[in-house]
Structures are given as structure tokens and as C-alpha cells.
Amino acid sequence: DAKTTQPPSMDCAEGRAANLPCNHSTISGNEYVYWYRQIHSQGPQYIIHGLKNNETNEMASLIITEDRKSSTLILPHATLRDTAVYYCIVRVGDMDTGRRALTFGSGTRLQVQP
Amino acid sequence: NAGVTQTPKFQVLKTGQSMTLQCAQDMNHNSMYWYRQDPGMGLRLIYYSASEGTTDKGEVPNGYNVSRLNKREFSLRLESAAPSQTSVYFCATEREYNYGYTFGSGTRLTVV
């Protein structure tokens, strides 16, 4: 699976959009981009995933560049409860080429400031 | 609907003792996973089970065994606990491949 690079930490003001970048320049055509977050010491929480089109759900939006070498997770109106470690993960999406479990890196620690 | 239930939530073991961490899910998910997370670190995969009756090693399987008892339950056993196994253990499930994981709340294990 392709390796990802994320900034170790970011700050965001409460009520503003939080834009979390992720670089995955070696991504393959059949690899999906996943985002998870971990609040304090809880179990990680699934946020969103996508292949090449932009995706949106009730939690966030995922913007993937046209060349798929990077992506941005957008939390449109960050709250204090969004303070967490955010993980960007790339995973092969084709079962025929081998099932892969998610591999978590060190993520980005987002601190939402009041 | 409890989702993914891990027991116990906390455990202190002495070096050399054995124990089994339990994970049960009520979502009828096919795949189940065991991860460990050391302080300040990301999660590392220990073992996983793609479906009932199958198990595979992950990144850090040494010192552990697993059992997929049925579709609902996936247990992790430490035969002879070592201080290096002090960690938080998370169980996760996935309905089908590429759907997204649901995690339990974790078991905090200390080996002294």
C-alpha cells in the first residue's frame, strides 16, 4: 500500500473550517484514501473514504486531487470536540490483488482552539 | 445494539501470566481485526480474520494467538505476558472489504 505523509500537528479556530492535508504521491490506481480520527484514547472512528471523486458525508468532505497524489479532509465548522489525531490511510481496493488491513501511521494532531 | 464490545476494559498481569482478550460484535460483520497501540504511537496490526474460520498474521503477531470462534467473536490470547506487551488493544470489525472499520473502546493492559 502507498505511504502517506501528514503534518504532525495543526491548529484551527472553533467555527472555522479545518483543512487537513495528506500526501500520497505513490498511490496506485486501485488504492482508496481513508480518513479516521482518534479522540484522546478512544478507539479510532471512521470518517470518510474515496477513490478519485470528491466525497462528502455528514462529518466531513474529502477532496482528492486529479492526479490522486494528495488529498484534503475538510471539517466545515470545527468544534472543540473535533480535537483529535487524524489518520490518512491508503489501502488497496481490489480484493483480487490481496486483501490488506488498514495500516495506521502517526497522523495529524488537530487542536481546535476556542 | 452494542457494536463492538471488548472485555475486560482494564487488566494488570504479572510477567509470565496468560490471559485472553475478548471481542464480540453484533453487527454481522465479516472481518475482524486486533490492533495494539503503544503510548504516543499509531496502531499496529497483530492479527486479523477476513471471515469466519480464517485468521492471518499482521505486523506484530509474536507472543499472541487468536481464535475466531464464530462470526461474532474474535479473541486474542497472550500465553506468557511480557512487559513489552503493555499496550492498549483495540478490536475492529468491517462489514465487507473496503467498507470502513468499527472499533471497540479498547482494553488497557499493563504487564508488570
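Numbers restart at 1 for each chain; the letters A, B, ... are given by sequence-line order, proteins then strands.
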Among side-chain atoms of [X] and [Y], is any donor-acceptor pair under 3.5 angstrom?
X: B:Arg108; Y: B:Tyr89; value: no
X: B:Ser51; Y: B:Asn30; value: no
X: B:Gln25; Y: B:Glu73; value: no

When clusters are formed by joining ILVMFWY residues with side-chain heavy atoms under 4.5 Å apart, either directly or through shared neighbours, do B:Val60 and B:Trp34 land in the same one?
yes

Flag the one option from B:Gln37, B:Arg44, B:Met41, B:Glu59 with the top tally of heavy-atom pairs under 4.5 Å to chain A.
B:Gln37

For salt bridge (Lys or Arg N to Asp or Glu O under 4.0 Å), just list the numbers for A:Lys69 and A:Glu31, CA-CA rounded to whole Å, side-chain angles, deciding distance to a tenth of an Å, and then say yes or no.
CA-CA 11 Å; A:Lys69 293 186 176 182; A:Glu31 289 180 317; over 6 Å; no

Check step by step if salt bridge (Lys or Arg N to Asp or Glu O under 4.0 Å) holds for B:Glu79 and B:Arg77.
CA-CA 6 Å; B:Glu79 291 292 349; B:Arg77 182 160 178 85; 3.1 Å; yes

Please output the residues of residues 46-58 of chain A in contact with chain B, using a heavy-atom cutoff of under 4.5 Å, in numerical order.
A:Tyr46, A:His49

Does the plane of the ring in A:Tyr34 sit parallel, tilted or perpendicular to the ring in A:Tyr32? Use 30° and 60° as the thresholds.
tilted

Honestly, the part of B:Phe90 sitting under 4.5 Å from a heavy atom of chain A is side chain

With a 4.5 angstrom heavy-atom cut-off, is it the side chain or the backbone of B:Leu45 that approaches chain A, or both, or neither?
side chain

Start with the C-alpha distance between B:Arg68 and B:Ser49, add both sets of side-chain angles, then the distance that settles side-chain hydrogen bond (donor to acceptor under 3.5 Å, both in side chains), and finish with yes or no.
CA-CA 7 Å; B:Arg68 183 76 183 267; B:Ser49 171; 2.7 Å; yes

Against chain B, work out which of A:Gly107, A:Pro44, A:Ser106 has the most heavy-atom pairs shorter than 4.5 Å and name it.
A:Pro44

